[in-house]
Amino acid sequence: MENETGRCEISELKQVEGEASCSSRKGKLIFFYEWNIKLAWKGTIKESGAKHKGLVEIPSLSEENEVDDTEVNVSKKKGDGDTLKDLMKTTGTAKVRAALAEYLKALKTEFTTGMILPTKAVATQDLTVERKVTGNTLQVQASPVALGVRIPTVALHLTELFDTTVEQLYSIFTVKDLVQKFSKSPAVLEAEKGGKFQMFDGNITGEYVELLTNRKIIMKWRCRSWPEEHYATVALNFVPAPGQTELQLDCKGVPVCKEENTKLCWQKQHFEEIKGLLQLTTQNA
C-alpha cells in the first residue's frame, strides 16, 4: 500500500485459528467456517524515513457476515506514524478484504472439487461427503448419515435457578404470549409433539419432540446462522427446589465454532430475560 506520504506492507501472518468445513447433501454444498486471523504490518514515512509497525486483526471471518461487513481492526505501536496507520485502515483494509474474498472463492471452488454426490439415498441413508480444514490439516471423509449435515459439534450443559414455580417456568417456554414477552419479539408457537416454533424474529427455530407437562421439554433447535438443516437437540428439565425452580439444560449437536454464541444466547437472551419478566410480574402482582 502506498500514497504520497508513505508505504506499507503486510510483513507476516502471525496467527490463524479456527476451521472451515463443507458438506454435500442432496446435491447441495453447505459451507461453515470461522477464522481468527492476525497479521503484522510495517511501513515507512517517505519524508523522514521513519519506520513503524503494527497489527491487522480479523477476529471473526465467518459465514454469518459478508466480507465487506467483516470486522478488520488496524493498530500501531506507540509513537508517531498515524499517517501510515490511516493508510492501512483505508487502502490496507480494502486489500485485506480482497484477499479474504479470494480465499472464500477458493474455498467454494477448488476446495470443493468432486464433492457433489448423487442425491439418491444409499441403503435408505444419504451419503454425505465432508471436507474439513483445521490449521494446516485437511481431512476428507465419506460417511452415511441418517439426517442432517455432519459437522464438528459439542454438547452444552447449563443449570439456572428461577424464583418461580415449576408450572410458571414451564408455561414461559410453551405459551406464545409469555414467549413474546420475554423475547420482546413476535413468536410462532405450537406447543405439542411435532409442533413448530419460531422466536427472536426467526433467528431461533425448531420443533417440539416431547413435552411432559411441568417436567420436561425436548426439542430440535437451531440458529439461523447454522448450516442449513442442522439442528441441536435441547432437553429442558424442570426441577422443583424450595421456593424456586432449577432449570437443567442439555444441548447436544452445537457446531463447535458456535459454542460460545449458543451459551450466551441461552444465558443472556433466555435466562436473564425470563428473570426480568418474572420480576416484572411479581412487581405488578
*Excluding sequence neighbours, so at least two apart, what forms side-chain contact (heavy atoms from CB on, under 4.5 Å) with Asn214?*
Val166, Glu167, Tyr170
Whether the side chain of [X] engages the backbone of [Y] through a donor-acceptor N/O pair (distance < 3.5 Å, no angle test) should be reported.
X      : Y      : answer
Arg7   : Glu2   : no
Arg224 : Thr205 : no
Trp41  : His52  : no
Thr44  : Cys8   : no
Thr233 : Lys252 : no
Thr70  : Glu66  : yes
Ser11  : Ala40  : yes
Glu57  : Lys38  : no

*Mind checking side-chain hydrogen bond (donor to acceptor under 3.5 Å, both in side chains) for Gln168 and listing every partner two or more places apart, or none if nothing turns up?*
none
*For Lys268, all residues meeting side-chain hydrogen bond (donor to acceptor under 3.5 Å, both in side chains), sequence neighbours excluded*: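 With sequence neighbours excluded, Lys268 shows a side-chain hydrogen bond (donor to acceptor under 3.5 Å, both in side chains) to Glu272, given in chain and number order.
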Quick check for you: to the nearest 0.5 Å, what is the distance between [X] atom [atom1] and [Y] atom [atom2]?
X      : Y      : atom1 : atom2 : answer
Asn3   : Leu87  : CG    : CG    : 4.5 Å
Leu247 : Phe271 : CG    : CZ    : 5.0 Å
Glu12  : Ile10  : CD    : CD1   : 11.0 Å
Thr281 : Ile172 : OG1   : CD1   : 7.0 Å

*Going only through I, L, V, M, F, W and Y residues with side-chain contacts under 4.5 Å, is there a path from Ile45 to Val74?*
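Yes, same cluster.
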*When hydrophobic residues are tied together by side-chain contacts of less than 4.5 Å, even through go-betweens, does Val239 share a cluster with Ile274?*
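In one cluster: no.
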*Please name all residues satisfying salt bridge (Lys or Arg N to Asp or Glu O under 4.0 Å) with Lys95, sequence neighbours left out, ordered by chain then number.*
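Expected list: none.
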*More than 12 non-hydrogen atoms from neighbouring residues, nucleotides or ligands closer than 6.0 Å to NZ on Lys46, yes or no?*
yes
*Is the number of heavy atoms from other residues, nucleotides or ligands under 6.0 Å of Lys275 NZ greater than 12?*
yes
_My understanding is that only one of Trp226, Phe197, Tyr208 makes a ring-ring contact (aromatic ring centres under 6.0 Å, His included) with Trp221; could you say which?_
Trp226
Donor-acceptor pairs under 3.5 angstrom involving side-chain atoms of residues 256-265: please list them, not counting sequence neighbours.
unit_1, atom_1, unit_2, atom_2, d
Lys258, NZ, Glu64, OE2, 2.4
Thr262, OG1, Lys258, O, 2.7

*Can you label the angle between the Tyr103 ring and the Trp35 ring as parallel, tilted or perpendicular, going by 30° and 60°?*
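Judged by the thresholds at 30° and 60°, the geometry between Tyr103 and Trp35 is perpendicular.
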_Sequence neighbours excluded, every pair satisfying side-chain hydrogen bond (donor to acceptor under 3.5 Å, both in side chains) that has a member inside residues 183-197_ =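 Listed by first then second residue: Ser183-Ser185, Lys184-Glu273, Lys196-Glu207.
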